[in-house]
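Worksheet for the structure shown next.
The first residue in the sequence is number 1, and the count goes up from there.
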Amino acid sequence: MTTARRRDQEPPADFDATSDILDFDRDEFRRLGYWVVDRTAEHLATLDRRPAVSVTDLSRLEELLGGELPMDPGVVETGLALLADVAFEHQQHGDHPRYFARVPGPSSHAGILADWLSTGMQAISSSWAGGSGPATLELVALGWLQEALGMPAASEGVLLSGGSMANVTALVAARHANGDGVIYLSDQTHSSVRRGITSIGHPPELVRVVPTDHAFRLSPRALHEVIESDHEAGRSPSIVVATAGTTNTGAVDDLPAISAICREYGAWLHVDGAYGAPAALVEGRSGILGLELADSLVLDPHKWLFQPYDVACLLVARPGVLEAAFGMHPEYLADAQGGPVDFHNRGLELTRRSRAAKLWLTLRTYGMRRLACAVERGILLAELAQRAVELDPRLEVVTPAQLGVLTFQGIDATAADVVRACEHVTSSGFAAVSSTVLKGRTVVRMCTINPRTSRRDVEQTVERLAESIARQPGGER
Ligand SMILES: *Cc1c(COP(=O)(O)O)cnc(C)c1O
């Protein structure tokens, strides 16, 4: 594949003439860029007329996107069109107004624009010396989120690729600061936490899964009992993982009560707010109290703060903890270290894109009041969905609307009926809905955090689910 070249050969005479070997002509680059902008704007404007999810088999996609290793230049327009029309068409559209499955990703225009610009300008947020501007954006965006969510002013943070990475980063830092004793979870803790604990080599016999109450909240009483029995047996409690907005039902753990137990036993309180923490921006409606009591807090702006994928945020109340766990000082980075902040020392990533740019532009463009209204719409939409379910004699609510999540069932429906109804509505293209299992019971789950969703979107989706679920299993469609 490569051309053999001897060390003593002269470079070719036209060597300098090939320095633009990868560049398009400047006007050509602009023209293609405008095409990308136009195509994206068109996509966003017409999204609700297209399927919320579209999946095709690998062989069909490979036929269009694969082929032999390209050795010679291809046509960029054709490639761009394949990306837009084929690759990105066949996916879940988390920003579709009737995408209610798992967790939607309703990105904002401001976030998209900033991400484009930071890509074009190769923004990097690793060291101060290598990226003081992007590092400042990250410090500022983290500071704004810390203030908006009421975390202590001294908190430090880092932006990561998602809740999974942010949770495991928090666990590593917490364990470094607080010792490798016992870690406590609930049966509703997100699976990424469990996977993170295993990945960092924490012994399974030092992990406790504490039961939740009837509302799927970690039971402080049960937690206290388990911690006390570990304490009596001479094992030291290290980390308690609480959740502010569980993925299954939007349940919010009792952070003040859990924090009091953590203080009593010297345990680190990690709050996984990957899904729900932004709801705390909506005064009096979220049921989230006590975020300021967390030793570490995770939120996922690519879920409920309207960001393009990917960006998660980890905030740690005590300064220096992240650097203590992750700092590295090799000789080849010596001249790039020692500024006000080196974000590569706050986590496992060295080269890091500027995830802050989109968050910074979003916060500054819309302002917290408008963002809180957008979050509140999601909370209200789930309440509208709940009303629609309550008014339908074929359906019953299982867990009430909570932080934009509602779960329900068909009267007398089996687990298979529920799964089939979700599949039916989703494969019709009208909406995307998924199921989950709550203490053994299979339910429909709708997550309604897209501010572009209308009342009608919600009501029509509930109606279609009711119709589908009420049909006899295996009966005529
Ligand atoms: C989605 C979610 C995660 C994982 O976040 P990713 O961004 O998907 O990695 C962790 N915890 C909770 C509560 C979540 O809802």
Distance from [X] atom [atom1] to [Y] atom [atom2], nearest 0.5 Å?
X: Arg456; Y: Thr461; atom1: CZ; atom2: OG1; value: 10.5 Å
X: Asp25; Y: Leu32; atom1: CG; atom2: CG; value: 10.0 Å
X: Ser125; Y: Leu137; atom1: OG; atom2: CG; value: 8.0 Å
X: Leu361; Y: Leu117; atom1: CG; atom2: CG; value: 9.0 Å
X: Cys422; Y: Ile469; atom1: SG; atom2: CD1; value: 7.0 Å
X: Leu299; Y: Leu281; atom1: CG; atom2: CG; value: 8.5 Å

Taking all non-hydrogen atoms of both residues into account, name the closest pair between [X] and [Y] and its distance.
X: Ala421; Y: Leu465; result: O-CD2, 4.0 Å
X: Ala294; Y: Val271; result: CB-CG2, 3.5 Å
X: Ala432; Y: Ala52; result: N-CB, 3.8 Å
X: Pro301; Y: Leu359; result: CB-CD1, 3.8 Å

Discussion item. Applying side chain to side chain contact (heavy atoms under 4.5 Å, CB included) to Asp272 and Thr189, what does each step give before you reach the verdict?
Written reply: CA-CA 8 Å; Asp272 180 2; Thr189 301; 5.5 Å; no
Which pairs count as ring pair (Phe, Tyr, Trp, His ring centres under 6.0 Å) when at least one residue sits in [range], sequence neighbours excluded?
range: residues 96-130; value: none
range: residues 443-465; value: none
range: residues 49-92; value: none

Closer than 3.5 angstrom, by distance alone: can the side chain of [X] be matched with the main-chain N or O of [Y] as a donor-acceptor pair?
X: Thr365; Y: Thr362; answer: no
X: Asn178; Y: Ala174; answer: no
X: Thr453; Y: Ile449; answer: no
X: Ser428; Y: Val425; answer: yes
X: Glu42; Y: Thr40; answer: no
X: Lys358; Y: Pro308; answer: yes
X: Ser238; Y: Ile183; answer: no
X: Thr448; Y: Gly378; answer: yes
X: Arg445; Y: Arg102; answer: yes
X: Thr18; Y: Ile21; answer: no

Please tabulate, for side-chain N and O atoms in residues 59-70, each donor-acceptor pair with protein atoms closer than 3.5 Å (sequence neighbours left out).
from  : atom 1 : to    : atom 2 : distance (Å)
Ser59 : OG     : Asp57 : OD2    : 3.2

Worksheet item: Under the side-chain contact (heavy atoms from CB on, under 4.5 Å) test, which residues partner Ser164, sequence neighbours left out?
Response: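 Listed in chain order: Ser192, Arg195.
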Worksheet item: Among all residues two or more places apart in sequence or in another chain, which pass the side-chain contact (heavy atoms from CB on, under 4.5 Å) test with Val158?
Response: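 Here the qualifying residues are Glu138, Leu160, Leu314, Leu322, Phe343, Arg346, Arg352.
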Worksheet item: Do the ring planes of Trp304 and Tyr275 sit parallel (below 30°), tilted (30 to 60°) or perpendicular (above 60°)?
Response: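 Aromatic pair Trp304/Tyr275 classed parallel.
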Fill in: Matching residue for His190 among Leu185, Thr247, Val298 - test: side-chain contact (heavy atoms from CB on, under 4.5 Å)
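Exactly one pass, corresponding to Thr247.
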For [X], which residues count as a salt bridge (Lys or Arg N to Asp or Glu O under 4.0 Å) partner, sequence neighbours excluded?
X: Glu467; answer: none
X: Asp457; answer: Arg98
X: Asp187; answer: Lys439
X: Arg50; answer: Glu89

Worksheet item: Going by the side chain to side chain donor-acceptor pair (under 3.5 Å) test, which pairs reach into residues 369-381, not counting sequence neighbours?
Response: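 Every pair satisfying side chain to side chain donor-acceptor pair (under 3.5 Å) with a residue in residues 369-381: there are none.
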If you measure only the distance, is there a donor-acceptor pair under 3.5 Å linking the side chains of [X] and [Y]?
X: Glu323; Y: Asn345; value: no
X: Thr243; Y: Gln188; value: no
X: Thr442; Y: Ser435; value: no
X: Thr246; Y: Thr249; value: yes

Would you call [X] and [Y] a salt bridge, taking side-chain N to carboxylate O under 4.0 Å as the test?
X: Arg464; Y: Glu459; value: no
X: Asp85; Y: Arg39; value: yes
X: Arg452; Y: Asp95; value: no

Item to complete: Test side chain to side chain contact (heavy atoms under 4.5 Å, CB included) on Glu156 and Leu315 and set out the steps.
Response: CA-CA 6 Å; Glu156 286 182 347; Leu315 291 168; over 6 Å; no
Item to complete: With side-chain hydrogen bond (donor to acceptor under 3.5 Å, both in side chains) as the test, would you mind laying out the steps for Asp342 and Ser127 before giving the verdict?
Response: CA-CA 4 Å; Asp342 296 315; Ser127 66; 4.7 Å; no
Worksheet item: Is it the case that more than 12 heavy atoms not belonging to Gln91 sit under 6.0 Å from its CD atom?
Response: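 Yes, CD of Gln91 has more than 12 neighbouring heavy atoms, counting only those of other groups under 6.0 Å.
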Item to complete: Assess whether atom CE of Met121 is packed by more than 12 heavy atoms of other residues, nucleotides or ligands within 6.0 Å.
Response: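 Open.
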Discussion item. Given Arg355, which partner from the list Asp115, Asp300, Asp310 fulfils the salt bridge (charged side-chain N to carboxylate O under 4.0 Å, His left out) test?
Written reply: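 For Arg355, the salt bridge (charged side-chain N to carboxylate O under 4.0 Å, His left out) test succeeds with only one of Asp115, Asp300, Asp310, which is Asp310.
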Fill in: Worked check of side chain to side chain contact (heavy atoms under 4.5 Å, CB included) between Asp180 and Leu206
CA-CA 9 Å; Asp180 50 5; Leu206 292 182; 6.0 Å; no
Discussion item. For a side chain to side chain contact (heavy atoms under 4.5 Å, CB included) check, start with the C-alpha distance between Val321 and Arg318, then their side-chain angles and the critical distance, and finish with the verdict.
Written reply: CA-CA 6 Å; Val321 166; Arg318 219 184 313 151; 3.8 Å; yes
Worksheet item: Hey, mind stepping through Thr407 and Thr399 against side-chain hydrogen bond (donor to acceptor under 3.5 Å, both in side chains) and telling me if it holds?
Response: CA-CA 5 Å; Thr407 69; Thr399 58; 2.6 Å; yes
Discussion item. Once ring-ring contact (aromatic ring centres under 6.0 Å, His included) is applied, do any residues pair with His302, and if so which ones, sequence neighbours excluded?
Written reply: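 Expected list: Tyr309.
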